[in-house]
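Some notes on the structure that comes next.
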Amino acid sequence: MRISVIGCGYLGAVHAAAMAELGHVVVGVDVDEQKIARLAVGDPPFFEPGLPEILRSALGSGRLRFSSDPADAAGAEVHFLAVGTPQAAGGHAADLRFVDAAFDALLPHLAPGAVVAGKSTVPVGTAERLADRLAEVAPHATLAWNPEFLREGFAVKDTVQPDRLVYGVRSPEASDVLDRVYASAIEAGTPRIVTDFATAELVKVAANAFLATKISFINAMAEIAETVGADVTQLADAIGHDTRIGRRFLNAGVGFGGGCLPKDIRAFTARAEELGRGESVAFLKEVDAINLRRRHRVVELARELLGGSVHGRKVAVLGVTFKPDSDDVRDSPALDIAVQLKGLGADVVAVDPEGVENARARHPQLEYSTSTATALDRADLVVLATEWAEYRALDPAETLRSVAAARIIDGRNVLDPDAWRAAGWTYRGLGRP
Ligand SMILES: NC(=O)c1ccc[n+]([C@@H]2O[C@H](COP(=O)([O-])OP(=O)(O)OC[C@H]3O[C@@H](n4cnc5c(N)ncnc54)[C@H](O)[C@@H]3O)[C@@H](O)[C@H]2O)c1
Ligand SMILES: O=c1ccn([C@@H]2O[C@H](COP(=O)(O)OP(=O)(O)O[C@H]3O[C@H](CO)[C@@H](O)[C@H](O)[C@H]3O)[C@@H](O)[C@H]2O)c(=O)[nH]1
């Protein structure tokens with residue numbers, strides 16, 4: 001099939017390359033010419049495992065190209081909208097300017113029968129508004145909403161083998177077109193839910209709200225565990241054995257960040273308030289508040305371990321990305337902690353295998369390194385903030401030789417407290433003794 005993908009960021013670039021790998025003929029369109037130039041030569045502008053390989057393979061096959069001109073999307077049977085929907089400046093609602101601009105730019109290029117399939121995460125009601133506009137301006141085309149559930153770090157696998165497909169449609173024809181796009185996943189047994197626009201939009205934000213709530217639930221338990229000397233990791237293991245609860249997304253620590261969960265729960269709350277249903281999701285404000293408290297808790301612990309003040313003390317912050325295997329620093333708890341410590345006068349050196357460039361662009365006031373050894377050298381305190389494999393694998397005895405003082409805060413509860421204490425470290429986790 002001929003496909004266009006409008007917006008080639010973390011979602012769109014992977015979607016475009018994966019669709020071409022599956023045999024479709026794809027054009028990726030983005031307003032960012034630098035991004036397009038890099039993608040066109042097989043050099044992804046961000047880190048995502050497996051993306052360079054499928055990108056180069058798809059470009060080599062001749063089935064994938066990139067453009068900054070929306071006119072190049074003309075002729076596609078399906079146009080996926082994958083532009084950003086960030087938190088609006090000064091508020092909590094989603095900023096839909098990019099969706100509207102991309103949609104408007106696409107309108108003159110829609111062939112008869114074309115399907116415009118929204119992938120971006122949007123407030124409920126957006127699809128209906130866009131469908132009404134389409135009916136006025138390009139009645140020969142159809143709108144569908146096809147939310148995306150990929151996780152960064154696993155984006156290629158999640159795109160090719162999604163857990164489920166959700167189509168918000170108004171006609172069986174639009175659903176049939178999407179079935180042809182996803183034929184290989186459907187043949188492999190991927191469940192598919194065909195529904196209306198509002199349900200499709202809500203499925204996406206409900207899924208992220210649930211995941212965020214699960215994380216904040218366990219972090220709330222961590223707060224209680226800290227108070228009574230209990231161990232939240234054992235608590236999570238124990239409740240996670242109940243298959244109704246499940247162990248996944250019960251890792252207590254510095255909390256959730258990224259370009260999705262934080263902004264999506266805030267936008268959901270803002271939209272529910274607009275609809276006069278703010279009370280239905282009022283708990284999401286608490287989910288957000290618990291999440292942000294965990295970052296402050298690390299800063300508090302740092303002060304405590306350094307005798308009341310971090311001023312002038314060297315703190316090695318291990319990790320700046322919001323999760324491992326990504327270079328994404330949007331709303332990253334790790335970076336926020338580094339910034340807060342720096343704001344209190346600490347001599348912070350932040351280290352990360354992939355995220356330093358993005359972090360520096362946002363917070364140039366911090367000192368960065370890509371070398372763990374440099375960061376650890378004569379540190380008064382080590383904060384493990386993002387659980388990259390190389391930080392999880394640190395050897396306590398060897399690490400001890402680099403630092404000025406053996407103090408560590410394990411912000412992700414991934415180290416073995418006994419091993420670190422046995423090597424002479426003052427170890428503090430979050431919600432574990
Ligand atoms: N990142 C994820 O893991 C993920 C997963 C599922 C859903 N989503 C949702 O997908 C959407 C995109 O997220 P992202 O993380 O890829 O964002 P991103 O910021 O990485 O990418 C958005 C891209 O859209 C481009 N763009 C903006 N205006 C444009 C226009 N008028 N025409 C063409 N391109 C334009 C930008 O230049 C940018 O490259 C958001 O709604 C997000 O919530 C993201
Ligand atoms: O037990 C856990 C699990 C995750 N996290 C944190 O939660 C955040 C989000 O993690 P994850 O969901 O794996 O990353 P994303 O790539 O942001 O993916 C989420 O957001 C995407 C964008 O909407 C959705 O498509 C995905 O389904 C949804 O998982 C990260 O900061 C993690 O460190 C925890 O603190 N504890």
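Throughout, residue positions are numbered sequentially from 1 according to the sequence presented. Counting starts at 1 for both ligands and their atoms, in listed order.
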**Study point:** Proximal atoms of ligand 2 relative to Lys323 (non-hydrogen, under 4.0 Å)
**Key:** 11 (P), 13 (O), 14 (O), 15 (P), 16 (O)
Practice item. Output yes when Glu273 and Lys285 qualify as a salt bridge under the 4.0 Å nitrogen-oxygen rule, no when they do not. Key: yes
Exercise for review: Give the numbers and elements of all ligand 1 atoms closer than 4.0 Å to a heavy atom of Ile6.
Suggested key: 32 (N), 33 (C)
Check your understanding: Which residue and non-hydrogen atom of the protein lie closest to atom 27 (O) of ligand 2, and at what distance in Å?
Key -> Phe149 O, 2.8 Å
Review point. Tell me: protein heavy atom nearest atom 16 (O) of ligand 2, and distance?
Key: Glu152 N, 2.8 Å
Point to revise | Distance-only N or O hit between ligand 1 and Leu11, under 3.5 Å | key: yes
Review point. Would a 4.5 Å heavy-atom cut-off, applied to side chains only, mark Leu96 and Thr85 as touching?
Key: yes
Point to revise | Contacting atoms of ligand 1, where contact means under 4.0 angstrom from a heavy atom of Ala102 | key: 30 (C), 31 (N), 32 (N)
Point to revise | Interfacing atoms of ligand 2 (cut-off 4.0 Å, heavy-atom, Arg412) | key: 33 (O), 35 (O)
Point to revise | Ligand-residue contact atoms, ligand 1 with Cys260, heavy atoms, under 4.0 Å | key: 2 (C), 4 (C), 44 (C)
Check your understanding: Of all the atoms in ligand 1, which lie at a distance below 4.0 Å from a heavy atom belonging to Glu152?
Key -> 1 (N), 2 (C), 3 (O)
Review point. Counting from 1, what ligand 2 atoms have a heavy atom of Lys204 closer than 4.0 Å?
Key: 22 (C), 23 (O), 24 (C), 25 (O)
Review point. Should the pair Arg164 and Phe149 be classed as cation-pi, given the thresholds of under 6.0 Å to the six-membered ring centre and 45° from the axis?
Key: yes
Check your understanding: Should Glu148 be counted as touching ligand 1, given the test is an N or O pair under 3.5 Å?
Key -> no
Check your understanding: Does an N or O anywhere in Thr121 fall below 3.5 Å from an N or O of ligand 1?
Key -> yes
Check your understanding: Can you tell if the side chain of Val27 reaches within under 4.5 Å of the side chain of Phe66, non-hydrogen atoms only?
Key -> no
Review point. With atoms numbered from 1 as shown, which atoms in ligand 1 lie under 4.0 angstrom from a non-hydrogen atom of Thr85?
Key: 40 (C), 41 (O), 43 (O)
Check your understanding: Can you list the ligand 1 atoms lying under 4.0 Å from a non-hydrogen atom of Arg330?
Key -> 1 (N), 15 (O), 17 (O), 18 (P), 19 (O)
Check your understanding: Looking only at side chains, do Trp388 and Thr321 share a donor and an acceptor under 3.5 Å apart?
Key -> yes
Point to revise | Parallel, tilted or perpendicular, as decided by the 30° and 60° cut-offs, for the rings of Phe46 and Tyr10 | key: tilted
Review point. Hey, are Asp231 and Thr233 close enough side-chain-wise for a donor-acceptor pair under 3.5 Å?
Key: yes
Point to revise | Nearest candidate to atom 28 (N) of ligand 1, where distance is taken over non-hydrogen atoms, out of Phe98, Phe103, Phe149 | key: Phe98
Practice item. Determine, considering heavy atoms only, which of Leu150, Val14, Leu81, Asp104 sits nearest to atom 5 (C) of ligand 1. Key: Leu150
Practice item. Ignoring hydrogens and angles, state whether a donor on the side chain of Ser4 or His79 is under 3.5 Å from an acceptor on the partner side chain. Key: yes
Exercise for review: Decide whether a cation-pi geometry holds between Arg271 and Phe268; the criteria are a distance under 6.0 Å from NZ or CZ to the six-membered ring centre and an angle within 45° of the ring axis.
Suggested key: no
Check your understanding: Taking non-hydrogen atoms only, is Asn208 closer than 4.0 angstrom to ligand 2 via side chain, backbone, both or neither?
Key -> side chain
Practice item. Decide whether an N or O pair under 3.5 Å exists between Lys263 and ligand 1. Key: yes
Review point. Which atoms of ligand 1 are found less than 4.0 Å from any heavy atom of Ala82?
Key: 12 (C)
**Study point:** Polar contact flag, side-chain donor to acceptor under 3.5 angstrom, Thr199-Asp196
**Key:** yes
Review point. Where is the nearest protein heavy atom to atom 36 (N) of ligand 2: which residue, which atom, and how far?
Key: Asn251 O, 3.0 Å
Review point. Relative to each other, are the rings of Tyr182 and Tyr167 parallel, tilted or perpendicular (30° and 60° limits)?
Key: parallel
Check your understanding: Which one holds for His15 and ligand 1: side chain close, backbone close, both close, or neither close, with close meaning a heavy atom under 4.0 Å?
Key -> neither
Review point. What atoms of ligand 1 come closer than 4.0 angstrom to any heavy atom of Lys35?
Key: 38 (C), 39 (O)
**Study point:** Part of Lys204 within contact of ligand 1 (heavy atoms, under 4.0 Å)
**Key:** side chain
**Study point:** Heavy atom of the protein closest to atom 8 (C) of ligand 2 (residue, atom name, distance)
**Key:** Phe256 CB, 3.6 Å
